[in-house]
Chemist: 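Pasting a structure here, questions to come.
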There are 2 protein chains.
Amino acid sequence: MWHDILRSQCGLIAGKPVVAGVSGGPDSLCLLDVLQEAGYTVIVAHFNHCLRLDADREAAAVQTMAAARGLDFITDSADVGAHAANQGFSLEQAARILRYHFLFAAARVRGAQAVAVGHTADDQAETVLMHFLRGAGLSGLKGMSPRTRLPEFDPGIPLVRPLLGLWRADTEAYCRERGLQPVYDLTNADPAYLRNRLRLELIPELEQHNPRFKQALVRSAQVLQGDFELLGEVLDAAWERAVCGQEAGYVAFARPALEGMSLALRRNLFRRAATTLRPGLADLDFAALERAAALQPADLTGGLRIFVEADKVYLAACEADLPLGDYPRVGEPATLVSHLDLDGGWTLSADSLPLEGDDWSSNTNPWTAWLDAELVGNSLMVRARRAGDRFQPLGMPDGTLTLQDFFVNLKLPQRARANWPLVCAGEQIVWVAGFRIAHPLRVTAGTRRVLRLHLRKK
Amino acid sequence: MWHDILRSQCGLIAGKPVVAGVSGGPDSLCLLDVLQEAGYTVIVAHFNHCLRLDADREAAAVQTMAAARGLDFITDSADVGAHAANQGFSLEQAARILRYHFLFAAARVRGAQAVAVGHTADDQAETVLMHFLRGAGLSGLKGMSPRTRLPEFDPGIPLVRPLLGLWRADTEAYCRERGLQPVYDLTNADPAYLRNRLRLELIPELEQHNPRFKQALVRSAQVLQGDFELLGEVLDAAWERAVCGQEAGYVAFARPALEGMSLALRRNLFRRAATTLRPGLADLDFAALERAAALQPADLTGGLRIFVEADKVYLAACEADLPLGDYPRVGEPATLVSHLDLDGGWTLSADSLPLEGDDWSSNTNPWTAWLDAELVGNSLMVRARRAGDRFQPLGMPDGTLTLQDFFVNLKLPQRARANWPLVCAGEQIVWVAGFRIAHPLRVTAGTRRVLRLHLRKK
C-alpha cells in the first residue's frame, strides 16, 4: 500500500531526500515514520509558530525525536501573530504562508525532491467543506491532491501528501502501534480558528444529516480531482490554440480559432482569461459570459470587457489596454513626397502618372487610391485626426460628415482612430488611408494625370 | 430581462404552448404570470398529491385562477403516499416521479414545447447542498439548469426553469406587486422532509459561517454548470472515438485509441463506462481506476474488472460477459477432410501435397501449418479442449506440457480457450490452430509428402 501511495500517487523516487514538515502531532509523526520505513532519507523540518506557551517545548521534543532516529533536523521560527497583524492576514493564513516558506526554503537548501506534509482525510473533508461554504469552483471543491505544486513558494519542488487516505484516528492508532509519542496541539480545540469550528461544530452537525458525510466529501474530492485534471488539459490545449497574444492588460484570442470551438469551451476560455487578468476574481456575470461566448461585445465583471474585432477577440479592462499592433499610425504631421514610413510597420507611397488605361476605374483594392493629380496638387501632408475634422467620402456628392461619424460607420476600433493616417492637401482630407478618397478629387472624364497613393504593410 | 431568460437561457420559442406546473404557491404563480406576460400560451397543470387535507381546495383555487386568466387547465391526482409505500420511495421521491409523469404527459397531449417549473435560487441552493451532503460529483454539485432534459419522463420535451435567478422572497414580492394570491403549502414547514430540514435548520446554521452562503452556492452551481457541460462534450467526443462495442454486460474500448489519450481522459472514460454498466454506482476504487488508466488489468468496484487484450480493453463484471466476437470456435468434434467451417466466421482447410520447394521451411504465417503428411495420417478431427489435454509444441523435443499451461503462455484470453479449435489425429493434438504444431509431426529431411493446414477468417 505505502509503496503505491509514495511512488505512484506522490511521485517520490528512491535515493533523494524528502523534507517532512513535522509539528510533532500524530499526523506528522505517522508521516515521518512511514517515509523512513519506506527507505527515504527524511529531513525533519519543524516550524515554530511562537503562538503558544509550549511552542519551544514542542520544538525540543521534535528535535530529540529526530536525533533518536538519526535524522537531520532543521527548524526556524517566526512571530506569526505579528506577521498576521502587519499583513492583514488571519492567524491561519499567516501561519500557513510562513510555514511553507520555511519548508520550501529547507527543501531547496537540502536538495530535497519534495516537501511532505501530514494532511489526512479529515483535513481533506475540512478543506472541501471550507471551500464549499465560500462558494468555490472545481479547483476548490476538488480539495487537496497527493502531489501538487505551490508556485508561490517554489516553482519546481512539489508538495506531497501521502496520508490523504488515512483518517486522523488512523494516524493516532498508527502512533500507538508503533510506540510513537505525539505532542498534542491544544490550539486544535480553539474555536477561534475556522477550521476548528468546522471540525468541532459544523461537521458533527452535518453528520446528523449524513452519518458518512466526511467519507462522502473525500470521495467527491477524488472524483472532482479527475474532472479538474481533465478540464485543465482541455483548457490548456484550447488556450494554446486560441490565444494569440497576452499582456498585463489584455488577452487576445484568434477569432477563427474561437469560432471552431463549442460555446462551453469558449465560456471556459473567457473565464480563464478573466481570472488570468484578475486573480481572485469571484463574481462573473454569467449572462455576460454567455454573450462573450457568442462572440458578442460584453461587460464581464471587475471592469473587464470583451472587444470583438474582425479577426481577434480581446478581453481587457479598456480599449486603451489593447495592443496597437497591426494598425498603421502617424505621429507628428509629415510631408508625403514619394514615400513615408509609418508606425506599426506600414509605408505610404505616392506616384503621379499620366492617365493611361483604366486601372483606376476597376480598383477594388482599398490599400490603393487613384485621384485626379491636378485637383489634388503637389503638396501632400500625412497627419492624424484633429477635433472637428470633416470629410466628403467618395459616393457622397454633396456635403460632408464628421470624421468621427465616418470612423464609426467603418467600425474602426477606437484605439486605431487616434493615429490613423489621413492624407491631406492643405485643410482637405484627400484619403482616409485604406478606406476612402474624397469625392471631389476622384478621377473623372476630365482627368489628365492621376495620383496613385498606396498604403502597405512592410 | 425576462426575454433573455425565456429565450436564451430556457430556449423557449414564440407561438408554441408551454405547460406550467402550478402548485398555487408564490413561485408557481410568479412563473405563470411571467410566461403569460411574455406572450406564451400557458397550459396550467396542477398535480394533486393527495397528501394534505386542503389539497382539493388548492386544486380548486388554481383552477379558478386559470379560468379567470382565460387559461387552459389540466389536473390529475394520485395517491403519493401509497405509491411511496409500494415502491419503497420517500414521499418526496414518489411525489416528484408522479408529478413529472403527469406534467410531461400533459405536454405531449397538448403539443407543448416545454414543461416549465417554478424552481428558484433557494431551491437551487437547497439542491446543491443536498447533493453535497451525499457526496456528489459535478453532475450533482452543478445543481439545476435553466433548460434540461429528463429522459426518464420524456426523451424530447425539455424541462425549463425560468425562475432560477430569483430568490423565493423575490417571487413573493412579485406576487404582492402583481396582486396574485398564492396558496401556502403548510408541509413546507414540516421537518419530516429533508428539504425542509435543510431550509429551516441547516442553511441558517451554515449562514452563521458565511452570511452569503446561499448566494455562494448558486454562484458555484453556475460555474460548475459550465465545467460540466464542457466535460460532457469532451467525454462524448472521446467516447465516440474510443468505444468500439457495448452490450449490457460490457464496454469495449479500442486500445490504440486509448493509447492516444491522456491518463485523465482515460480515467474519466472508465468512470463513465462503470456508471454506464452500473447506474448509481457510488464507490469507485481510485487506485484501481489509476491502474485501469495505465491500461493494466484492475478490479474497479461493483464487481467490475478491466480486461486488457491485444487491441481491446474491456470493462465487464466477468470474462463470460465479453464478446466471443472474433475468436474461432468449434462446438461438437468434427472430421476435417478438405475444409471445415467453424463458429466465429472461420474456416479450416487441409491439403496433402508432394514436398516441393521449401515453402514450409520459411513459413512465418501462424495461420498456416506444415506437417509430415505420412506421420499425421489421413484421419483428422477438429475438437475443443478436454480436461487433461497435453501437447508437445514445436521446439520442445522431449516431454509434453498441459494444454492449460500452453494457453496461459500464449496469453490467450480465458473465454477463447474453451472452444479453441484443436486439430487432432487420434488422441494426439496435431495443431493448436493458429499457434503451434506438434513437434514430432514437423517436416524433416525424411518427409515425402506434406500436410498443409490453414485457418482463415472468412
Side-chain angles (χ1 to χ4, degrees), chain A residues 1 4-5 8-9 128-138 140-141 165 194 197-198 201-202 205-206 208-210 212-213 215-235 238 262-265 267-268 271 282-284 286-287 289-291 293-294, chain B residues 1 4-5 8-9 128-138 140-141 165 194 197-198 201-202 205-206 208-210 212-213 215-235 238 262-265 267-268 271 282-284 286-287 289-291 293-294:
Chain A
M1 165 194 167
D4 188 47
I5 290 171
S8 311
Q9 292 184 34
V128 172
L129 178 57
M130 204 137 60
H131 284 291
F132 181 72
L133 287 175
R134 288 181 189 146
L138 256 189
L141 293 172
L194 173 60
R197 286 200 302 278
L198 297 188
E201 297 167 17
L202 189 54
E205 161 91 20
L206 291 166
Q208 295 187 3
H209 295 270
N210 175 3
R212 292 184 57 77
F213 172 66
Q215 288 78 356
L217 284 199
V218 167
R219 200 177 62 224
S220 276
Q222 281 184 306
V223 174
L224 296 178
Q225 270 168 35
D227 292 340
F228 181 77
E229 194 183 330
L230 179 52
L231 266 181
E233 284 179 4
V234 169
L235 276 179
S262 73
L263 281 177
L265 185 51
R267 243 188 265 121
N268 271 273
R271 220 173 75 200
D283 285 295
L284 271 179
F286 284 87
L289 200 57
E290 209 58 51
R291 280 196 299 284
Chain B
M1 166 194 165
D4 188 47
I5 291 171
S8 310
Q9 292 184 33
V128 173
L129 178 57
M130 204 137 61
H131 284 292
F132 181 73
L133 287 174
R134 288 180 188 147
L138 257 189
L141 293 172
L194 172 61
R197 287 200 303 280
L198 296 188
E201 297 166 19
L202 189 55
E205 161 90 20
L206 292 166
Q208 295 187 3
H209 295 270
N210 175 3
R212 292 184 56 77
F213 172 66
Q215 288 79 355
L217 284 198
V218 167
R219 200 178 62 223
S220 276
Q222 282 185 306
V223 174
L224 296 178
Q225 270 170 34
D227 292 340
F228 180 78
E229 194 183 330
L230 179 52
L231 265 181
E233 284 180 5
V234 170
L235 276 178
S262 73
L263 282 177
L265 186 51
R267 243 188 266 122
N268 271 273
R271 221 174 74 199
D283 285 295
L284 271 181
F286 284 87
L289 201 57
E290 209 59 51
R291 280 196 299 282

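Lettering of chains follows the sequences in order, A, B, ..., and the numbering in each one begins at 1. The analysis underlying the following values was restricted to heavy atoms, covering all of them including side chains, and did not include hydrogens, waters or symmetry mates.
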Chemist: Below 30° counts as parallel, above 60° as perpendicular, anything between as tilted: where do the rings of A:F132 and B:F132 land?
Modeler: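 Geometry flag for B:F132 against A:F132: parallel rings.
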Chemist: Nearest 0.5 Å, what's the CG-CG distance between A:L217 and B:L133?
Modeler: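 Those atoms lie 8.5 Å apart.
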Chemist: Taking all atoms of both residues into account, what is the closest heavy-atom pair of B:G135 and A:S220, and its distance?
Modeler: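 Residues B:G135 and A:S220, closest heavy atoms: C-OG, 3.0 Å.
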Chemist: Non-hydrogen atoms of chain B under 4.5 Å away: do they reach the side chain of A:L141, the backbone, both or neither?
Modeler: side chain
Chemist: Determine, for B:R271 against A:D227, whether the closest basic-nitrogen to carboxylate-oxygen distance falls under 4.0 angstrom.
Modeler: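 Answer for the salt bridge query: yes.
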Chemist: For chain A, which of B:R267, B:R197, B:R134, B:Q222 has the most heavy-atom pairs under 4.5 Å?
Modeler: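 When all of B:R267, B:R197, B:R134, B:Q222 are compared, B:Q222 has the most.
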Chemist: If you count heavy-atom pairs under 4.5 Å with chain B, which of A:L235, A:N268, A:L263 comes out on top?
Modeler: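 So the answer, after comparing A:L235, A:N268, A:L263, is A:N268.
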Chemist: Go through B:G226, B:A216, B:A264 and name the one with the most non-hydrogen pairs under 4.5 angstrom from chain A.
Modeler: B:A264
Chemist: With a 4.5 angstrom heavy-atom cut-off, is it the side chain or the backbone of A:L224 that approaches chain B, or both, or neither?
Modeler: side chain
Chemist: Between A:E290 and chain B, which part of the residue has a heavy atom less than 4.5 Å away: side chain, backbone, both or neither?
Modeler: neither
Chemist: Measuring heavy-atom distances to chain B, does A:E233 have an atom under 4.5 Å in its side chain, in its backbone, in both, or in neither?
Modeler: side chain
Chemist: Give, for atom OG of A:S262 and atom CD of B:E229, the distance between the pair rounded to the nearest 0.5 Å.
Modeler: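 Here the interatomic distance stands at 7.0 Å.
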Chemist: Which answer fits B:Q208, side chain, backbone, both or neither, if we ask what part of it has an atom under 4.5 Å from a heavy atom of chain A?
Modeler: neither
Chemist: List the steps, then state whether side chain to side chain contact (heavy atoms under 4.5 Å, CB included) holds for A:L206 with B:L202.
Modeler: CA-CA 8 Å; A:L206 291 166; B:L202 189 55; 3.5 Å; yes
Chemist: Under 4.5 Å, counting heavy-atom pairs only, tell me which of A:N210, A:V234, A:L138 racks up the most with chain B.
Modeler: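 The candidate making the most pairs under 4.5 Å is A:L138.
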